[in-house]
Each structure stands twice: as C-alpha cells, then as structure tokens.
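The structure that follows is given in the form of structure tokens.
Start at 1 with the first residue, then count along the sequence. Note that the structure is a prediction, hence the values are computed from the model and not measured.
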Amino acid sequence: MTTTDNAPEGVLPRPVVDRLPKYAAGKPPAAIEGLTSYKLSSNENPLPPIPAVLQAIADQADINRYPDPLATKLRTALAGFLDVPADDVVTGAGSLGALNQILATFAGQNDDGKADEVIYAWRSFEAYPICVGLAGASSVQIPLLADGRHDLDTMAAAVTVRTKVILLCTPNNPTGPILTAEETERFIQSVPPHVVVVIDEAYQEFVRDPQAVDGIKLYRKYPNVVVLRTFSKAHGLAGLRVGYSVSGPALTQHLRVTATPFAVSQIAERAAVTSIENFDQVVERVQSLVEERDRVTAGLRELGWFVPEAQGNFIWLNLGENSAEFAALAAEQALSVRAFANEGVRVSIGEVEANTRFLNLCAGYTKAPQGS
C-alpha cells in the first residue's frame, strides 16, 4: 500500500527536509511572437566559453574513465594563476559543491544533540539555508542594510559558542554590493579564530571597486578564512559544474576527507584549465558584460530608479510587493527575470538587445523603487 502522494507508506525524509525552502531556479523566458526571448533570471554568462575551451571540450574523449579525484591538473593551474600552493586548493562541483564540503566538515549536528550555527546575511545566496539545513546546522540570518549590504556589526554580535561557520557573499547575490577589504578584515579580527569565515566570491571577476575585498589576500593572513570561487560565471562554464575553495593546511586536511570523489569531470577540468591558460580572452568578455552592467545601472538611475551598487553580473530592483507584477510584465516582453516573493527582482546582465529591452520596460513602469 502506498500513500496518496505515491510515496511508500512509512518512508519519511529527515524532519529537516520538510523545513527547508525549495530552491527556485531561474525560469526560461516565454515565447512571444515577434520577439527574441532572453533569459535574465539565472546570473548565467550570456556568452559561450572562449573558442579554445570549446575545442578542448570537443577533444575530450576519455569520459569512459573516472576523472582524477584530486583534479591535480586544475589545482596545479590554479596554484600558478593565484600564486597559492596547490595543496591549498580543494575542487568541487561548482562553488556550491565546494560550500557543501565546507559545511559537511565544520558545521552540523553534535553528539550532544545540539546543532552548530552558521551565520550569513539575508537575503543572500538562495542555496545557503538549504545547504546549512542539510548539513544538520542551524541558520542564523542577519538582515541586510537598507542599501543591500551586509550588516557586519550585527553579524559579529550574533556569534555564540555554537557558531562554527560564517558566510560572507561578495558581491552579494542578489543585491549586488561588495564587501570592502577594510571592513572584512576588521570583521574577521572581531570573531573567534576557531570560527571558519567563508568568503564567497562567485562573481569576483566582475568587481571593479578598488576598495573590494580580495579573499585570497585574507586567506594568506588568517588561517580560519576559506575562499570560494567558480568557473560558472566569468568563464561561462555553469553547465560543467567546476568550482573550488582555497584555504590553509589546517582546514584543507579536513576538507579533503569530505570532498566528493570525482566531483569534477575530465571535461570540466580540461575546460577550466584551458580557460585559465587563455584568461586574457576571458577578461575581454567579462569587461563587455561589466560595461553593459554599468550602462543598465546608469540608465535606471537616469530614470529615477534606486539601484544598489552592482558589482556582479546582475542588478537588484527593490520592488517589494510589486515584484511579481514586474516579473509578469517582463515575461510579456519575452524577458525572464528572477522575482523574490515580496522583496525584489534580480535581473542578470544579458545580451545587448535584452538589456535595452529591459531598460525600455523600466522606462514605462510607474512603481520604480526609491532609496538612498
């Protein structure tokens, strides 16, 4: 006998599963006659990988074999690229996979039955509460400031004896502002050294603010700092799932134990290495997106919209209860955007035509968010 939802009777998930939010991936755009559809809902790079990477993918023929579980070629390439020891790099299936390895290692349910605490800003990366919950830890969410930035003072004050990990997302997804080097270092100095501080830099290549934190510099200085980066965004390899963390030996010795075996495929590793070897071409493509981001941001402000400082490949519209309405209007223009309930709308930077159509939509919208 089975229950009405077709699940075997008596088979239940862990209690935490029913409490977790559902991850809502960006939806594809609607097909509208006479209009080219554009997906601006997933922070994807609208440009394909550089030609050398596409060729490297086409040439990969040994996918009948398991990949190197340590991704040695990629870690060696990253060591030279970042000027760090290869042993300090732990690869994962995207930066999300690398994050799950960190949480599995340092935060969860303890022998006393009490959960460790993981502190992060909110709203931030949508997967954070899911990953923390599945690790068995408890989320401590600290509301963002009015301008979409982390409230680091309140985050520091929230640290307790049960705090094991703190997540810092910079630029913050979905709102866009960065953390500065000065405020981040001051924050790290204010928390106990046994608390792992994760600097999530998925959009690092898009940052142009000279005051922005560089996680690699801080990892060299503080043994409890872990840096997360990915090839999904700037390198255009989101579909291949390759990311990594960088931390000192005191942390990597444990991270290697929890790292998912064979998480990075041969194709993903070869593509990532080739992209590093041709990084000047990657930079050119990223710069074109940065220029589009700045054009869109300036255009919105000229229209009287308040837009938080955007340093990723996306912008945030603080539309509140009008978020769903705006997303529906965008869909009528064959544009998919990412609405977050009654909070706001995130719009990824896409093709030039898509960005221009988005600006035209905003020009005719009468409920523009205000702020300072």
| request: Examine Ile199 and Val165 and state if one hydrophobic cluster contains both, with Ile, Leu, Val, Met, Phe, Trp and Tyr joined whenever side-chain heavy atoms are less than 4.5 Å apart. | output: no
| said: So Arg295 and Leu359, do their side chains get closer than 4.5 Å, heavy atoms only? | reply: yes
| field | Point-to-point distance, once rounded to the nearest 0.5 Å, from CD of Glu284 to CG of Asp280 | value | 6.5 Å
| query | In terms of hydrophobic clusters joined by side-chain contacts under 4.5 Å, are Leu251 and Val89 together? | reply | no
| query | Within a strict 4.5 Å, meaning less than it, do heavy atoms of the Val207 and Tyr203 side chains meet? | reply | no
| Donor-acceptor pair, Arg357 side chain versus Gln333 backbone, under 3.5 Å? | yes
| Option passing side-chain contact (heavy atoms from CB on, under 4.5 Å) with Val213 (candidates Ile178, Leu168, Leu179, Ile188) | Leu179
| request: Kindly give the heavy-atom pair with the smallest separation between Val118 and Ala137, and that separation in Å. | output: CG2-CB, 3.9 Å
| message | Tell me whether Gln189 at atom CD has more than 12 heavy atoms from other residues, nucleotides or ligands lying less than 6.0 Å away. | response | yes
| task | State, with a plain yes or no, whether a side-chain heavy atom of Ile50 is found less than 4.5 Å away from one of Val282. | result | yes
| request: Return each pair, listed once, that meets salt bridge (charged side-chain N to carboxylate O under 4.0 Å, His left out) where at least one residue sits in residues 190-203; pairs must be two or more places apart or across chains. | output: Glu201-Arg229
| note | Scanning both residues in full, the closest heavy-atom pair of Ala107 with Lys164 reads CB-CB, 4.3 Å
| said: With rounding to the nearest 0.5 angstrom, report the CG to CG distance, Leu134 to Asn100. | reply: 7.5 Å
| task | Could you tell me whether a side-chain N or O of Arg149 sits under 3.5 Å from a main-chain N or O of Ala146, the two making a donor and an acceptor? | result | no
| field | Side chains of Phe326 and Asn322 in contact at under 4.5 Å (non-hydrogen atoms) | value | no
| field | Spacing of OG1 belonging to Thr184 relative to CG belonging to Leu152, to within rounding of 0.5 Å | value | 6.5 Å
| field | Closest approach of Ile32 to Ser37 (non-hydrogen atoms, all atoms of both residues) | value | N-OG, 4.2 Å
| query | Okay, side chain of Thr252, backbone of Asp88: is any donor-acceptor separation there less than 3.5 Å? | reply | no
| How far apart are the closest heavy atoms of Pro85 and Ala79, and which atoms are they? | C-CB, 4.1 Å
| query | Quick one: do Tyr244 and Val90 end up in the same hydrophobic cluster if we chain Ile, Leu, Val, Met, Phe, Trp and Tyr together by side-chain heavy atoms under 4.5 Å apart? | reply | no
| query | Mind checking whether Phe314 and Leu228 sit in one hydrophobic cluster, side chains of I, L, V, M, F, W, Y counted as touching below 4.5 Å? | reply | no
| said: Ignoring hydrogens, what is the shortest heavy-atom contact between Ser42 and Ser348? Give both atom names and the distance. | reply: N-OG, 3.6 Å
| task | Determine whether the side chains of Ser232 and Arg241 contain a donor N or O and an acceptor N or O closer than 3.5 Å. | result | yes
| field | Student check: side-chain heavy atoms of Pro49 and Leu237 closer than 4.5 Å | value | yes
| message | Between Pro177 and Asp147, is there a side-chain heavy-atom distance shorter than 4.5 Å? | response | no
| request: Take the angle between the ring planes of Tyr120 and Trp122 and call it parallel below 30°, perpendicular above 60°, tilted in between. | output: perpendicular
| request: Could you list all the ring-ring contact (aromatic ring centres under 6.0 Å, His included) pairs where at least one residue sits in residues 334-361, not counting sequence neighbours? | output: Trp316-Phe340
| field | Check: Asn313 side chain, Ile349 main-chain N or O, donor-acceptor pair, under 3.5 Å | value | no
| said: Using only atom types and a distance under 3.5 Å, with no angle test, would you say the side chain of Arg293 pairs donor to acceptor with the backbone of Gly312? | reply: yes
| query | Which word best sums up how the rings of Tyr365 and Trp305 line up, parallel for under 30°, tilted for 30 to 60°, or perpendicular for over 60°? | reply | tilted
| Side-chain ion pair, Arg162 and Asp112, N-O less than 4.0 Å | yes
| field | Pairing of Arg186 and Glu183 as salt bridge, 4.0 angstrom limit | value | no
| message | Could you walk me through whether Val226 and Phe106 satisfy the side chain to side chain contact (heavy atoms under 4.5 Å, CB included) test, starting with their C-alpha distance in whole Å, then the side-chain angles of each, then the deciding distance to 0.1 Å, before giving a yes or no? | response | CA-CA 12 Å; Val226 185; Phe106 298 110; 5.5 Å; no
| Roughly how far apart are Leu74 CG and Glu269 CD, rounded to 0.5 Å? | 5.5 Å
| Exceeds 12 heavy-atom contacts within 6.0 angstrom, atom CZ of Phe81 | yes
| request: Say whether Glu353 and Asn355, considering side chains only, have a donor N or O and an acceptor N or O under 3.5 Å apart. | output: no
| request: Could you point out which residue of Asn172, Asn173, Thr175, Thr170 forms a side-chain hydrogen bond (donor to acceptor under 3.5 Å, both in side chains) with Ser124? | output: Asn172
| task | List the atom of Ile315, the atom of Ala310, and the distance in Å for their closest heavy-atom pair. | result | CG2-CB, 3.9 Å
| said: Given 3.5 Å as the limit, does a donor-acceptor pair link the side chain of Asp116 with the main chain of Gly108, or not? | reply: yes
| query | Ignoring hydrogens and geometry, is there a side-chain-to-backbone donor-acceptor pair from Gln266 to Arg65 under 3.5 Å? | reply | yes
| query | Has the side chain of Ser190 got a donor or acceptor atom that lies under 3.5 Å from a matching backbone atom of Phe187? | reply | yes
| query | Below 4.5 Å, heavy atoms only, C-beta onward: do Arg220 and Val84 meet side chain to side chain? | reply | yes
| task | Say whether Glu117 and Thr160, considering side chains only, have a donor N or O and an acceptor N or O under 3.5 Å apart. | result | yes
| query | Which is it for Thr36 and Glu351 under the side chain to side chain contact (heavy atoms under 4.5 Å, CB included) test, yes or no, and what are the steps along the way? | reply | CA-CA 11 Å; Thr36 301; Glu351 296 84 347; over 6 Å; no
| task | Go through the steps for Leu361 and Glu332 under the test side chain to side chain contact (heavy atoms under 4.5 Å, CB included), then give the verdict. | result | CA-CA 10 Å; Leu361 170 64; Glu332 293 176 2; over 6 Å; no
| request: Evaluate the ring planes of Phe125 and Tyr128, with Trp represented by its six-membered ring, and classify them as parallel (under 30°), tilted (30 to 60°) or perpendicular (over 60°). | output: perpendicular
| request: Keeping the roles fixed (side chain from Ser275, backbone from Ala271), state whether a donor-acceptor pair exists under 3.5 Å. | output: no
| field | Pairwise distance CG(Asp83) to CG(Leu78) - rounded to 0.5 angstrom | value | 12.5 Å
| Mind checking whether Val264 and Ile63 sit in one hydrophobic cluster, side chains of I, L, V, M, F, W, Y counted as touching below 4.5 Å? | yes
| request: Would you tell me whether Arg346 and Asn43 have side-chain atoms, one donor and one acceptor, within less than 3.5 Å of each other? | output: yes
| query | When you check the side-chain N and O atoms of Gln311 and Asp209, is any donor under 3.5 Å from an acceptor? | reply | no
| message | Donor-acceptor check, side chain of Arg285 to backbone of Asn45, threshold 3.5 angstrom: yes or no? | response | no
| task | Under the side chain to side chain contact (heavy atoms under 4.5 Å, CB included) rule, what do Leu167 and Leu99 come out as? Steps first, then yes or no, please. | result | CA-CA 10 Å; Leu167 308 178; Leu99 171 62; 3.9 Å; yes
| Distance from His235 atom NE2 to Leu240 atom CG, nearest 0.5 Å? | 12.5 Å
| task | Side-chain contact test, heavy atoms from C-beta onward, threshold under 4.5 Å: evaluate it for Val53 versus Asn278 and give yes or no. | result | no
